[in-house]
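Here's the structure we're looking at; comments come further down.
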Amino acid sequence: MNRMKLQSILRSFFEEDIGDGDLSASTLFPADALGEMNIVAKEPGVFCGADIIREGFHLLNPSIEVVSLFADGEPMENMQLLAKVKGPVRDLLAAERVILNCIQRMSAIASQTAVLVNLLEGTDAKVCDTRKTAPGLRMLDKYAVRAGGGFNHRNGLYDAVMLKDNHLAYAGSITKAVEQLRSRLGHTVKIEVEIESLEQLEEAVQAGADIIMFDNRTPDQIQAWLSIVPEHIITEASGMITEETITSYGKTGIDYISVGALTHSVIAKDISANIHIKKQGDEM
């Protein structure tokens with residue numbers, strides 16, 4: 001992940017949560033009170049968020065000591081210790097919720113991605129995400145997909161073209177839309193066309209699309225239609241794809257399978273933090 005962007009994202013999260021200060025911790029604990037926090041997995045899955053833990057705590061206080069025990073993409077089990085953090089209690093507690101929120105979501109995305117990757121074992125298909133990410137969290141969401149063994153689709157509207165029904169209706173046809181874009185965009189920009197019929201597929205091939213997405217097509221339809229797609233054109237399946245159906249799609253010969261649910265429907269992993277607060281005579 002881009003460190004500067006990550007710090008900026010985390011800073012905005014802390015500003016939202018902490019505001020002018022943590023009323024609970026700053027009132028109850030003296031400024032010099034120290035503590036040790038353990039971050040623990042409460043269910044199995046794939047961990048993601050080591051950078052969040054390190055950068056998050058260091059943003060609030062660079063003197064906080066962070067020891068990461070898990071790397072992104074590693075499998076975690078119930079009650080496994082993921083990280084140990086030492087420092088001023090006020091700062092540990094102020095950072096806790098934001099950091100947990102991020103790593104719980106990222107670990108959920110990485111875990112679900114890993115499930116789908118495993119279901120495609122033995123095929124050449126790759127799992128990828130979509131733009132159906134939580135606003136403000138796209139960089140983190142897409143990073144988590146990679147940690148789970150998946151691949152990223154375009155990051156936004158700015159780095160690749162995807163022609164959907166509204167674009168095609170305005171342009172008049174797939175051919176006209178692709179020609180217009182080719183004449184105006186640089187040679188490094190790829191053009192993807194979303195198709196729903198055999199006629200659209202044939203036109204997209206003739207128009208020279210770089211990527212063709214089979215939208216809401218069955219595995220049988222995709223397998224039959226792939227025979228007319230030249231090898232140099234990347235193919236993608238999207239829509240109606242679940243854990244129960246993804247293996248069938250992978251066996252069609254498709255190159256990529258995009259799954260919006262990876263980032264828009266995951267349930268946060270149960271990860272908690274408990275803290276030991278140093279008292280007179282305790283060793284940390």
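Bear in mind the structure is a predicted one, so any value in this text is a computation, not a measurement.
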Determine yes or no for a side-chain-to-main-chain donor-acceptor pair under 3.5 angstrom, with [X] supplying the side chain and [Y] the backbone.
{"X": "Ser107", "Y": "Lys269", "value": "no"}
{"X": "Gln200", "Y": "Glu196", "value": "yes"}
{"X": "Gln180", "Y": "Ala177", "value": "no"}
{"X": "Ser258", "Y": "Cys128", "value": "no"}
{"X": "Gln104", "Y": "Asp270", "value": "no"}
{"X": "Asp17", "Y": "Phe13", "value": "no"}
{"X": "Lys251", "Y": "Ile246", "value": "no"}
{"X": "Thr113", "Y": "Gly149", "value": "no"}

Could you walk me through whether Arg54 and Asp51 pass salt bridge (charged side-chain N to carboxylate O under 4.0 Å, His left out), step by step? CA-CA 5 Å; Arg54 183 184 64 255; Asp51 287 346; 2.8 Å; yes

Trp225 vs Phe214 aromatic rings, parallel, tilted or perpendicular, using cut-offs 30° and 60°? tilted

Minimum heavy-atom distance between [X] and [Y], given as atom pair plus value:
{"X": "Ile222", "Y": "Thr252", "answer": "CG2-OG1, 3.7 Å"}
{"X": "Ala50", "Y": "Asp72", "answer": "N-OD1, 3.0 Å"}
{"X": "Ile275", "Y": "Val89", "answer": "CD1-CG1, 4.3 Å"}

Would the number of heavy atoms belonging to other residues, nucleotides or ligands and lying under 6.0 Å from [atom1] of [X] be above 12?
{"X": "Asp20", "atom1": "CG", "result": "no"}
{"X": "Ile267", "atom1": "CD1", "result": "no"}
{"X": "Tyr158", "atom1": "OH", "result": "yes"}
{"X": "Gln206", "atom1": "CD", "result": "no"}
{"X": "Asn2", "atom1": "CG", "result": "yes"}

Can you find a side-chain donor-acceptor pair between [X] and [Y] that sits under 3.5 Å?
{"X": "Glu192", "Y": "His153", "value": "yes"}
{"X": "Thr235", "Y": "Asp255", "value": "yes"}
{"X": "Asn61", "Y": "Ser63", "value": "yes"}

Sidechain N-carboxylate O distance under 4.0 Å for Asp129, Arg146: no

I would like to know whether Asn101 and Arg105 meet side chain to side chain donor-acceptor pair (under 3.5 Å); could you show each step before the answer? CA-CA 6 Å; Asn101 285 348; Arg105 176 179 173 83; over 6 Å; no

Residues Glu65, His58; criterion side chain to side chain donor-acceptor pair (under 3.5 Å); working and verdict: CA-CA 8 Å; Glu65 179 185 342; His58 286 169; over 6 Å; no

